[in-house]
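Presented below is the structure to which this report refers.
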Amino acid sequence: MIGWSGAEIWLIIVSLGVATYAIRFSFLGLIGNRELPDWLLRHLRYTPVAILPALVTPGVLWPEGSDGSLSLPHIVSALVAVAVGYWRKNAVLAAVAGVLAFVALRTLL
Amino acid sequence: MAAANSDRTAFWRGARDAGPFVLVAGPFGALFGVVASEAGLNLAQVMGFSVVVIAGAAQLTALQLMTDQAPALVVLLSAIAVNLRMAMYSASLAPHLGKARLWERALVAYMNVDQTYAVSVLKYEDEPQMSLSQRLAYFFGTCVPIIPVWIIATYVGALLGQSIPTDWDIRFAVPIAFLAMVAPALRTAAHVAAAAASVILAILFAGLPYNLGLLPAGIGAMIVGAEVERRMGARFTPPAGGGK
């Protein structure tokens, strides 16, 4: 992978694996029945929906190779994925719809 | 003998109940395999991710940020942040499985992913009379259609990715996959508010170097989600299996 040595990539894999395992083991393994405070649970609940949209937003609005301008296929296919996912509550269907929309718009435009 | 029998029944019931999630673990494992090998990881590294981490969203997060040439610390912190929800899964399984032996809890922790957690915890709440060994058997049953499928699908995807010409440019499949995972999870006004805040804050912080805007945007959006929930008094329902 460009910019990363094999050792660096393995360091990322192992560190992420250890940290993820520690999170999964945490309460079940060490603390047993003690409950998490409500305010903390309330924040943890939103980690995926809070982080993943922020992760992809720049790539959707200013995709690589577009020199910082908006790109219709990227924006429309992203909206298609969100709409189908929200409507059908099915992530796989939404991903397929989004990718097909992207390919179709790329070919047509 | 009767106990062993009922454990076996619980195991296979778990496997059956989690069966539909083959349709999540399979395609997303394959997707990760394809895009990771397209991004330039070798087969061992791709498999390393899926076997050691077993968390699709975090793996794709790491991959995306590595492709963007973000610093290693940003890659790690962001991917770990995506996995913080699993602390909640761990805490909510504790009352049901906390009395199991250490090695059993250690094994449960390794396979505690969105789908195995969601299917199992719903079952435990539904049937509080289940014995500890039935609960464990049920959990390990839910792993059958998910964990091996995830790993094998990654492998197939990685082989496929090596044979796809690099000029096809399927990298945009990664953001699409993320959005596809998030959309079904927008179950309440608080989830929608958190996601909207996430997009807006990402735009505001887009100027920061090294993708550093991701963490303040994510934390800000978590606070927005939690605050909306607090004001509306919304209740949490476990995920039905949208994202992995």
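Numbered from 1 within each chain, the chains take letters A, B, ... in sequence-line order.
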- Grab the two heavy atoms, one from Pro175(B) and one from Val60(A), that are nearest each other, plus how far apart they are. CB-CG2, 4.5 Å
- Item | Check: Ser77(A) and Phe172(B) side chains under 4.5 Å, non-hydrogen atoms | yes
- Note on the structure: Looking only at Val108(B), Leu102(B), Leu186(B), most heavy-atom pairs under 4.5 Å shared with chain A are made by Leu186(B)
- Does any non-hydrogen side-chain atom of Pro53(A) lie less than 4.5 Å from one of Val182(B)? yes
- Query: With a 4.5 Å heavy-atom cut-off, do Arg45(A) and Glu229(B) have their side chains touching?
  - Reply: yes
- Query: Hey, does Arg24(A) have a side-chain heavy atom less than 4.5 Å from the side chain of Val113(B)?
  - Reply: yes
- Query: If you count heavy-atom pairs under 4.5 Å between each of Ala217(B), Ala72(B), Ala177(B) and chain A, which one has the most?
  - Reply: Ala72(B)
- Message: Determine whether a donor-acceptor pair (N or O, by modelled atom type, separation under 3.5 Å) exists between the side chain of Tyr21(A) and the backbone of Val52(B).
- Response: no
- How far apart are the C-alpha atoms of Leu65(B) and Leu55(A), what are their side-chain angles, what is the distance that settles it, and do they pass the side-chain contact (heavy atoms from CB on, under 4.5 Å) test? CA-CA 9 Å; Leu65(B) 290 168; Leu55(A) 178 71; 4.1 Å; yes
- Item | Distance in Å, Leu40(A) CG paired with Leu84(B) CG, rounded so as to fall on 0.5 Å steps | 9.0 Å
- Item | For the student: nearest non-hydrogen atoms of Met181(B) and Ala91(A), plus distance | CA-CB, 4.1 Å
- Between chain B and each of Ala54(A), Gly17(A), Gly3(A), count heavy-atom pairs under 4.5 Å; write down the option with the most. Ala54(A)
- Note on the structure: Value for CG (Leu11(A)) from CG (Leu76(B)), rounded to nearest 0.5 Å, stands at 7.0 Å
- Query: In Å and rounded to the nearest 0.5 Å, what is the OG1 to CD1 distance from Thr20(A) to Ile54(B)?
  - Reply: 9.5 Å
- Query: Any idea which of Tyr86(A), Trp10(A), Trp4(A) has the most non-hydrogen atom pairs under 4.5 angstrom with chain B?
  - Reply: Trp4(A)
- Message: Please give me the minimum heavy-atom distance between Ala81(A) and Ala183(B), naming the atom from each residue.
- Response: O-CB, 4.3 Å
- Query: Are the side chains of Phe49(B) and Ile12(A) in touch, meaning some heavy atoms are under 4.5 Å apart?
  - Reply: yes
- Note on the structure: Of the listed Thr57(A), Ile23(A), Val80(A), Val82(A), the one with the largest count of heavy-atom pairs under 4.5 Å with chain B is Ile23(A)
- Which one, Gly6(A), Ala94(A), Ala50(A), Ala83(A), leads in non-hydrogen pairs under 4.5 Å with chain B? Ala50(A)
- Task: Start with the C-alpha gap between Thr67(B) and Met1(A), add the side-chain angles, then the distance that decides, and say whether side-chain contact (heavy atoms from CB on, under 4.5 Å) holds.
- Result: CA-CA 8 Å; Thr67(B) 314; Met1(A) 182 178 225; 3.6 Å; yes
- Between Leu73(B) and chain A, which part of the residue has a heavy atom less than 4.5 Å away: side chain, backbone, both or neither? neither
- Item | Residue part contacting chain B, namely of Trp62(A), when any heavy atom lies under 4.5 Å | side chain
- Item | Heavy-atom proximity to chain A below 4.5 Å, by part of Ala44(B) | both
- Which of Leu201(B), Leu97(B), Val199(B) touches chain A most, by non-hydrogen pairs under 4.5 Å: Val199(B)
- Note on the structure: When every non-hydrogen atom of Met222(B) is compared with those of Leu44(A), the smallest separation belongs to CE-N, 4.4 Å
- Query: So do Leu23(B) and Asn90(A) actually touch side chain to side chain, heavy atoms under 4.5 Å?
  - Reply: no
- Query: Which of parallel (below 30°), tilted (30 to 60°) and perpendicular (above 60°) describes His191(B) and Tyr46(A)?
  - Reply: tilted
- Whether Arg85(B) side chain and Thr47(A) backbone form a donor-acceptor pair below 3.5 Å: no
- Item | Atom pair CG (Leu28(A)) and CE (Met86(B)), whose distance is rounded to the nearest 0.5 Å | 14.0 Å
- Task: Flag the pair Val56(A) / Ile176(B) as yes when at least one side-chain heavy-atom distance between them is below 4.5 Å, and no otherwise.
- Result: no
- Note on the structure: Distance col, row Leu179(B):CG vs Leu79(A):CG, nearest 0.5 angstrom, shows 8.5 Å
- Contact origin within Ile223(B) toward chain A - heavy atom pairs under 4.5 Å: both
- Task: Identify the two heavy atoms, one from Ile9(A) and one from Met66(B), that lie closest to each other, and give their separation to 0.1 Å.
- Result: CG1-CE, 3.8 Å
- What part of Ala70(B) lies closer than 4.5 angstrom to a heavy atom of chain A: side chain, backbone, both or neither? backbone
- Note on the structure: Residues Ser90(B) and Phe27(A): closest non-hydrogen pair is OG-N, 3.1 Å
- Note on the structure: Of Gly40(B), Gly48(B), Ala109(B), the largest count of non-hydrogen pairs under 4.5 angstrom with chain A goes to Ala109(B)
- With side chains defined as the heavy atoms from C-beta onward, is the minimum distance between Phe178(B) and Ile51(A) less than 4.5 Å? no
- Query: Picking from Gly220(B), Ala206(B), Ala202(B), which has the most non-hydrogen pairs under 4.5 angstrom with chain A?
  - Reply: Ala202(B)
- Message: Please rank Ala194(B), Ala62(B), Ala106(B) by heavy-atom pairs under 4.5 Å with chain A and give me the top one.
- Response: Ala106(B)
